[in-house]
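Data block below; observations after.
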Number of protein chains: 2
Amino acid sequence: MPTHYRGTAGERRALNAYIALLRAAESVTSRLAGPLGREGLTTGQFGVLEALLHLGPMCQKTLGRKLLRSGGNITLVVDHLEHRGLVSRRRAGADRRFVTVELTEAGKTVIRQTFPSHAKRIVGEMKPLAPGEQESLRRLCRRLGRGGGA
Amino acid sequence: MPTHYRGTAGERRALNAYIALLRAAESVTSRLAGPLGREGLTTGQFGVLEALLHLGPMCQKTLGRKLLRSGGNITLVVDHLEHRGLVSRRRAGADRRFVTVELTEAGKTVIRQTFPSHAKRIVGEMKPLAPGEQESLRRLCRRLGRGGGA
DNA sequence: CTCAAATAGTTTAATATTAAACCATATGGC
DNA sequence: GCCATATGGTTTAATATTAAACTATTTGAG
């Protein structure tokens with residue numbers, strides 16, 4: 001659904017690129033969320049578990065930064081995961097402000113079971129693009145993610 | 001934040017492209033949401049108003065399809081907009097199931113005031129990419145948005 | 001040493017987001 | 001004409017998402 005805005009060519013180009021970016025991200029994520037939900041995880045919960053699996057235990061602040069989520073949201077998502085016994089929290093260092101989050105054994109089991117099939121689905125979602133195109137997409141998106149805003 | 005998953009090269013490529021896509025979409029949207037919020041609109045509300053401005057009145061089902069949102073969510077967002085007097089709803093056709101949503105005069109005023117500055121911000125966010133690159137991004141994303149899932 | 005400023009996390013309030021259940025309306029095979 | 005099925009919208013329940021306010025802890029200038 002491209003924009004119907006009648007601005008300059010440059011404006012329309014930027015708007016159309018932005019809209020296409022959003023729609024791609026939203027529709028792919030939406031398609032991936034269904035199977036994930038049937039395994040009992042929301043997209044956000046999966047993101048937390050995956051970060052902890054691959055990057056190791058970390059404080060909530062770091063989690064929020066890596067996942068681009070607010071502090072309040074991390075607290076809530078980690079609350080739920082903790083309730084399910086998938087992660088644990090503790091104030092592990094000398095600085096008592098920091099709460100370190102790490103996977104429990106149950107959490108490791110769940111994410112190790114879930115991740116491979118999720119990865120396969122992502123591969124499938126990227127199939128419309130050839131390898132070089134996937135690379136191009138990645139490079140273009142990384143430049144946007146850094147923050148434009150002239 | 002690329003994946004630390006040790007799968008095949010193809011898997012890592014797909015995962016990294018997907019992650020970059022998500023991060024770009026989320027970070028740009030997040031940066032745009034701030035100024036929009038200060039004008040009193042959420043991203044979702046803006047989407048509805050903009051669609052109605054450029055595409056004309058339409059039923060909620062159509063709104064949901066164009067904006068990639070669920071029926072329940074459209075009901076809620078439109079509820080709030082209606083409460084603020086920015087849109088109106090009526091069962092306009094012979095089929096009494098359909099609710100047509102359209103901008104009120106107040107709604108037109110708001111979106112006409114808000115849209116140009118928002119468009120400018122989007123242009124700014126796309127600045128890291130040259131015109132041709134914006135085109136490439138749009139083409140790549142459109143192919144993903146259609147639904148892969150091999 | 002004191003205390004203003006900074007920082008991590010939590011709470012609060014408002015809105016968003018979905019799937020599923022529910023209700024009203026329309027459709028079309030029998 | 002009857003009724004099972006389909007469809008648009010609403011409601012329900014659960015979770016997500018944010019900014020701002022709040023609490024506790026840390027830092028570093030004076």
Side-chain angles (χ1 to χ4, degrees), chain A residues 22 25-49 57-84 86-101, chain B residues 22 25-49 57-84 86-101:
Chain A
L22 273 212
E26 279 173 8
S27 58
V28 172
T29 297
S30 179
R31 288 196 292 274
L32 291 169
L36 211 41
R38 286 192 280 282
E39 299 189 42
L41 293 174
T42 65
T43 301
Q45 291 167 357
F46 180 86
V48 167
L49 294 178
M58 69 188 78
C59 67
Q60 291 188 182
K61 186 72 177 181
T62 302
L63 262 179
R65 261 201 305 260
K66 287 184 186 303
L67 299 174
L68 301 179
R69 290 288 179 267
S70 69
N73 184 242
I74 293 293
T75 296
L76 183 90
V77 172
V78 171
D79 274 355
H80 287 147
L81 288 173
E82 193 181 31
H83 250 83
R84 288 170 59 180
L86 300 184
V87 303
S88 63
R89 281 195 252 201
R90 65 184 204 285
R91 293 180 189 271
D95 190 330
R96 303 191 52 68
R97 291 174 303 182
F98 289 84
V99 172
T100 300
V101 187
Chain B
L22 273 215
E26 279 172 8
S27 57
V28 173
T29 298
S30 179
R31 288 196 292 274
L32 291 169
L36 210 40
R38 287 193 279 283
E39 299 186 43
L41 293 175
T42 65
T43 302
Q45 290 167 356
F46 180 85
V48 169
L49 295 177
M58 68 188 78
C59 67
Q60 292 190 181
K61 187 69 177 182
T62 302
L63 262 179
R65 259 197 310 258
K66 288 184 185 303
L67 299 174
L68 301 180
R69 289 290 180 268
S70 71
N73 185 242
I74 293 294
T75 297
L76 184 90
V77 174
V78 171
D79 273 356
H80 288 147
L81 289 172
E82 192 180 33
H83 249 83
R84 289 170 60 179
L86 300 184
V87 304
S88 64
R89 281 194 251 204
R90 64 185 206 283
R91 293 180 190 271
D95 189 330
R96 303 190 50 67
R97 289 174 305 181
F98 288 82
V99 173
T100 301
V101 187

Any residue in residues 32-41 of chain B with a heavy atom nearer than 4.0 angstrom to DNA chain C? Just list them by number, or reply none. none

Go through B/T42 and B/V77 one step at a time and tell me if the side chain to side chain contact (heavy atoms under 4.5 Å, CB included) criterion holds. CA-CA 10 Å; B/T42 65; B/V77 174; 5.8 Å; no

Which residue, A/L68 or A/R96, contacts DNA chain D at a nucleotide closer to its 5' end, judged by nearest heavy atom? A/L68

Identify, with sequence neighbours excluded, every residue that meets side-chain hydrogen bond (donor to acceptor under 3.5 Å, both in side chains) alongside A/R84. A/Q45

A/T62 side chain to A/M58 backbone, donor-acceptor under 3.5 Å: no

Side chain to side chain contact (heavy atoms under 4.5 Å, CB included) for B/V101 and B/L63? Distances and angles first, verdict last. CA-CA 9 Å; B/V101 187; B/L63 262 179; 4.3 Å; yes

Could you give the CZ-to-C1' distance, from A/R31 to C/dT18, as a whole number of Å? 17 Å

May I ask you to say what B/L81 touches in the nucleic acid, namely base, sugar-phosphate or nothing, with a heavy-atom cut-off under 4.0 Å? nothing

Which letters describe nucleotides 4-10 of chain D, given B = protein heavy atom under 4.0 Å from base, S = only from sugar-phosphate, - = neither? --BBSSB

Just checking B/R91: does its CZ atom have more than 12 heavy atoms from other residues, nucleotides or ligands closer to it than 6.0 angstrom? yes

Please identify each residue that fulfils side-chain hydrogen bond (donor to acceptor under 3.5 Å, both in side chains) with B/R65, with sequence neighbours left out. none

Do the side chains of B/T43 and B/L32 get nearer than 4.5 Å, heavy atoms only? no

Side chains of A/P57 and A/T100: does their closest heavy-atom pair fall under 4.5 Å? yes

Please determine if B/E26 and B/R31 form a salt bridge, counting it only when a charged side-chain N lies under 4.0 Å from a carboxylate O. no

Once side-chain hydrogen bond (donor to acceptor under 3.5 Å, both in side chains) is applied, do any residues pair with B/R90, and if so which ones, sequence neighbours excluded? B/E102

Using nucleotides 13-16 of chain C, report all nitrogen or oxygen pairs with the protein that are shorter than 3.5 Å.
from   : atom 1 : to    : atom 2 : distance (Å)
C/dA16 : OP1    : B/T42 : OG1    : 2.8
C/dA16 : OP1    : B/Q45 : NE2    : 3.4
C/dA16 : OP2    : B/H80 : ND1    : 2.9

